[in-house]
Amino acid sequence: MSGLDIKMLKQSALSGVLIGIGVIINVLSENKYVGSMLFSFALLTIIQNSLPLYTGKIGFIRENKITDLLQILLFNLIGSAVPVLMVIACKKDLHKVMYGVSCAKFSNSFWQLFLLGALCGVLMFIAVYTKVQVITVFCIMIFILSGFEHCIADFPYLVLNFNAVNFFKFACIVLGNSAGSIGAYELMAGRGKDSMK
């Protein structure tokens, strides 16, 4: 890709917005199981419409340009923060809740966040690779209920609780997501959907 692919950047921002909406509904849901299931709408929509999402693309790093992946990541992040900030402007109590969640997330060590990010990366690769709706829903519910970390979903928490330490901890989540997804690709390379049944 020479220069900026405006269509890709717009679609990347939309993917981020969908993830941000998923974050909101998950936080606002009184039942954690319902919240994690409703979050699935974001990835289901992204897969169905072939929208670019960093955590879904990075596993296929051999098939994508690094510059494209970095641009996708940037616009995913920007997009994810927008709906969260919009809803916080309307629901002031949401800020307090999300700030509390953010403090809990970033209380983990750098190494812990990397590992939790890696496990999430494995699940995101499986969801995108299989493109089977029920598997996608299970992957999302598992990552949320297990406390695994997803960099796009976690970005609004960084925005609400930004400092240098949290920034570098967030970078560990990005690296973990990348390592987990790439690792899953390498382990599953050459395997078709039929072989997974």
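Counting heavy atoms from C-beta outward, I182 and I58 have side chains that approach closer than 4.5 Å. Side-chain contact between L38 and S29: present, with at least one pair of heavy atoms (C-beta onward) separated by less than 4.5 Å. Residues K169 and N108 form no side-chain contact, since every pair of their non-hydrogen atoms from C-beta on lies 4.5 Å or further apart. Looking only at side-chain heavy atoms (C-beta outward), V159 and V84 stay at 4.5 Å or farther from each other. Side-chain atoms of L14 and F75, non-hydrogen and from C-beta on, never get closer than 4.5 Å to each other. Side-chain atoms of S12 and Q71, non-hydrogen and from C-beta on, never get closer than 4.5 Å to each other. Side-chain contact between I135 and C139 is present, with heavy atoms from C-beta onward closer than 4.5 Å. The closest side-chain heavy-atom distance from L69 to Y54 is below 4.5 Å.
Atom-to-atom distance recorded for M8:CE and I72:CD1 is 5.0 Å, nearest 0.5 angstrom. Expressed to the nearest 0.5 Å, how far CG of D68 lies from CG of L4 amounts to 10.0 Å. The line from CD1 of I19 to CZ of F155 is 14.0 Å long, rounded to the nearest 0.5 Å. Between the CG atom in L73 and the CD1 atom in I78 there is a gap of 9.5 Å [rounded to 0.5 Å]. Separation of atoms NE2 (H95) and CG (L85) is listed at 9.0 Å; rounding is to 0.5 Å. Interatomic distance, F168 CZ to L113 CG, rounded to the nearest 0.5 Å: 14.0 Å.
Pairing each heavy atom of D154 with each of E149, the nearest pair is OD2-OE1, 2.6 Å. Considering all non-hydrogen atoms of both residues, F170 and C151 come closest at CE1-O, 3.1 Å. The nearest pair of heavy atoms linking V27 to Y157 is CG2-OH, 3.2 Å. Taking each heavy atom of L160 and Y99 in turn, the nearest pair found is O-CD1, 3.5 Å. Shown here for N161 and F106, the closest heavy-atom pair between the two residues is ND2-CD1, 4.4 Å.
Note: the hydrophobic cluster containing F138 does not contain M37 (ILVMFWY, side chain heavy atoms under 4.5 Å, direct or indirect links). No continuous path of hydrophobic side-chain contacts links L53 to V82 [ILVMFWY only; heavy atoms under 4.5 Å]. Connection of Y33 to V23 is not established within any shared hydrophobic cluster, with ILVMFWY side chains joined at heavy-atom distances below 4.5 Å, either directly or through further cluster members. Hydrophobic cluster membership differs between L44 and M124, with clusters built from Ile, Leu, Val, Met, Phe, Trp and Tyr side chains linked at under 4.5 angstrom. At a threshold of 4.5 Å between side-chain heavy atoms, the hydrophobic network of Ile, Leu, Val, Met, Phe, Trp and Tyr places L158 and M86 in two separate groups.
Looking only at distances, no side-chain donor or acceptor of N177 sits under 3.5 Å from a matching main-chain atom of C120. Judged purely by atom type and a 3.5 angstrom limit, N76 has no side-chain atom pairing as donor or acceptor with the backbone of I152. A donor-acceptor contact shorter than 3.5 Å is absent between the side chain of S36 and the backbone of M141. A donor-acceptor pair is defined here as one N or O able to donate and one able to accept, closer than 3.5 Å; no such pair exists between the side chain of N26 and the backbone of G22. Between the N166 side chain and the C103 main chain, no donor and acceptor come within less than 3.5 Å of each other. Proximity of a side-chain donor or acceptor of S102 to a complementary backbone N or O of M98 within less than 3.5 Å is not detected.
Residues satisfying the ring-ring contact (aromatic ring centres under 6.0 Å, His included) test with F60, not counting sequence neighbours, are F125, Y185.
Counting heavy-atom neighbours within 6.0 Å of F167 CZ, excluding the residue itself, gives a total of 12 or less. For CZ of F110, the number of neighbouring non-hydrogen atoms (other residues, nucleotides, ligands) closer than 6.0 Å is greater than 12.
Residue L43 is tested with T136, L51, T55, V137 for a side-chain contact (heavy atoms from CB on, under 4.5 Å); the sole match is T136.
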